[in-house]
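Shown next, in structure tokens, is the structure this report addresses.
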Amino acid sequence: MNGKLRSLVGRTIAGAGAAVLVATLAPTSALADPPDPNDPRVGLSPGYFPWTEVSSNVDHLDNDPRAGAFDTPPIGFTGIATANSDLAFTGDHAIVGSFNGFQVYDISDPDDPTLRTSFVCPGGQGDPSVYGDLLFISVEETRGRIDCGTQGFPPGTPVSAERFRGVRIFDISDIDNPVQLPGVQTCRGSHTHTVVTDPDDPDNVYIYNSGTAGVRPAAELAGCENAALTKDPVTTGNPTQWRIDVIQVPLAAPETASIVSQPRIFTDPVTGAFNGLQNTPPLVPGVPPTPEQTHPSGTGYSPLPNTNTCHDMTAYPELGVLAGACQGNGILLDITDPVNPVRLDAVSDPNYSYWHSATLNNDGTTAMFTDEWGGGTSARCRATDQLEWGADSFYEINGGQMEFASYFKMPAVQTSQENCVAHNASLVPVPGRDILVQAWYQGGLSLVDFTDAANPVEIGYFDRGPIAVPQNPTGLNLGGLWATYWYNGKVYGTEIARGFDTFGLLESDLLSENELGAAKEYQVDEFNAQHQTEITWAPSFNVAGAYYDQAVRAGSLAEKTEAKVGGHLAKAEKLVANGEAASAIDQLNKAIRVLDDSDLRDALAALRDSLRP
């Protein structure tokens, strides 16, 4: 256990109680700047294959179109049954989730991935996670079958012993031949899930399950209990709503995985009401929305900010915290005991229709949440859509409490043909900076520096024109980047309709060669965006150079100091290349002596120490 990191959270009743108060407060910062009408992303021509594209500081390296059972034309929304979804990585493989199963790509040549394995197993939405030789897949649709059959069920089959809704588990020790294990059935299926590890429990891995679909009949799965969404306090019974599922997976016997707790993380600590957070009442068809149900755009909220489950949760076990995007609230949990998580704080925002996903920065001092206003299937980046709607929001974390800092939304107006809103993101491991790569569906991707959480800045982007097909040339055809994740030197993206994308980041005034080099030096064996691990960098000239470049960019060094440090660092690197470590150490010492305490000084000292015999 990393005591320094895990001490950042404290389990207190006061912290839990404060969440109820904070949840009623709205951000008060200035509105985001208006979009730039001259942005190159504006007015790209429609197309499918081929497409038009534009980018800045991002290189689109490869696209692998969907194929076979995973490819149907994106005509309106009819292609959703085979749409690509989320993404996970293990070794030299990317696992691309789909509403129809999953596909495995060989990325040993990251500039030219190749499809290695396809596994048809319908059920949507197919979000994957990996842990060792285990693959977890979320299944929520009523067509999901235990046997992965494609036939689904006849209409009017509310109960079937053959149905599967929950978290599938596969043994992928032979990645060409995945073997399905029993898996875990849940009352609302699994829309998404999160891998949670416990530093003190190496024998088990935990899965936090988020089900957003309707509740199954108890006749199909014992213990399921549906309840009406209400503003009245719910304190009795055992309703399936207002809780999450905690699944324990014994690593020695993953086939015995089971639900071990169903914590009610939305409970009001004063009244005991299970529905203790946001309770916006459901819209009634044909009835105009009430003021409470009305989004700032003037239309009814869609989806509804009613906190009865989480949509996505991102765990950071080394810090003992989890950031949850939970429909009507963003929440922060203490997960030092993963079976019994405790809410530390909750926030809400009238600009947010549906808290969708979350990312923490590397030191756990900033949380980023996304708003999937329109549910991901609507055009929400039009000229009439303010940049506070369907955006990222950044919250600074102090003592287990969150304080709003800012919004960011891709600043280029998109058309009514493009489903566009904030979706899934991951960190780019640049030392000394907080940078994420954010997917916007048909709004493409943004590279965002949020080191200053109050002033996030876009430093790169990629965008395609709207999808157009002959059967629907002017309407909205569902597509775009579902997720964009950095993994071992590249950015990979799942495009709902167009397939699997690979991107490289380019050196620029906003991202130096040293910073990119240091990011590429950070390598991992597997990656799940919703299971964050501490990013650490071994001492290197790229790492020290990254901190030097940042000091120069910020103007924090006096002119003479800047020249001296840069000169000594460059000489030291040449000396090491020539095998003259002792002389390189001398140069680094000279650089260290002219610096005050700083990250740059620490990086130079670590580099020097790494060169000593």
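Please read these numbers as outputs of a predicted model, since none were measured by experiment. Worth knowing before you read on, the calculation uses all heavy atoms, side chains too, and leaves out hydrogens, waters and symmetry mates.
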Are [X] and [Y] close enough that their ring centers fall under 6.0 Å?
X      : Y      : value
Phe503 : Phe462 : yes
Trp355 : Phe369 : yes
Tyr492 : Tyr105 : no

Can a donor-acceptor pair be found between the side chains of [X] and [Y] at a distance below 3.5 Å?
X      : Y      : value
Thr192 : Asp127 : no
Ser393 : Tyr352 : yes
Asp106 : Thr114 : no
Thr309 : Ser210 : no
Asn477 : Tyr48  : no

Is the closest side-chain heavy-atom distance between [X] and [Y] below 4.5 Å?
X      : Y      : value
Ile335 : Tyr206 : no
Asn84  : Trp482 : no
Pro239 : Arg264 : yes
Thr359 : Gln532 : yes
Leu87  : Phe500 : yes
Phe99  : Arg143 : yes
Thr197 : Thr533 : no
Ile207 : Val195 : yes

Counting only N and O atoms by type, is there a donor-acceptor contact under 3.5 Å from the side chain of [X] to the main-chain atoms of [Y]?
X      : Y      : answer
Glu526 : Ala88  : no
Thr484 : Leu445 : no
Gln471 : Ile75  : no
Ser98  : Asn100 : yes
Ser426 : Ala529 : no
Asp59  : Leu61  : no
Arg66  : Ala497 : yes
Asn63  : Arg498 : yes

Angle between ring planes, [X] versus [Y], binned at 30° and 60°: parallel, tilted or perpendicular?
X      : Y      : value
His193 : Phe136 : perpendicular
Tyr485 : Phe527 : perpendicular
Phe119 : Phe170 : perpendicular
His356 : His311 : tilted

| query | Is Lys490 salt-bridged to Asp62, going by a charged N under 4.0 Å from an acidic O? | reply |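 A salt bridge is absent here (no side-chain N lies under 4.0 Å from a carboxylate O).
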
| message | As a quick check of understanding, evaluate side-chain contact (heavy atoms from CB on, under 4.5 Å) for Tyr131 and Leu251, giving each step before the final call. | response | CA-CA 10 Å; Tyr131 190 82; Leu251 296 177; 3.9 Å; yes

Picking from [options], what satisfies side-chain contact (heavy atoms from CB on, under 4.5 Å) with [X]?
X      : options                        : result
Tyr441 : Leu478, Val421, Leu481         : Val421
Pro178 : Leu135, Ile172, Val104, Asp171 : Ile172
Phe89  : Val524, Ile107, Val130         : Ile107

| said: With side-chain contact (heavy atoms from CB on, under 4.5 Å) as the criterion, how do Tyr354 and Thr212 come out once you've worked through the C-alpha distance, each side chain's angles and the decisive distance to 0.1 Å? | reply: CA-CA 12 Å; Tyr354 197 78; Thr212 62; 3.9 Å; yes

| Is there a side-chain contact (heavy atoms from CB on, under 4.5 Å) between Thr186 and Arg188 once you walk through the steps? | CA-CA 6 Å; Thr186 63; Arg188 296 182 72 177; 5.6 Å; no

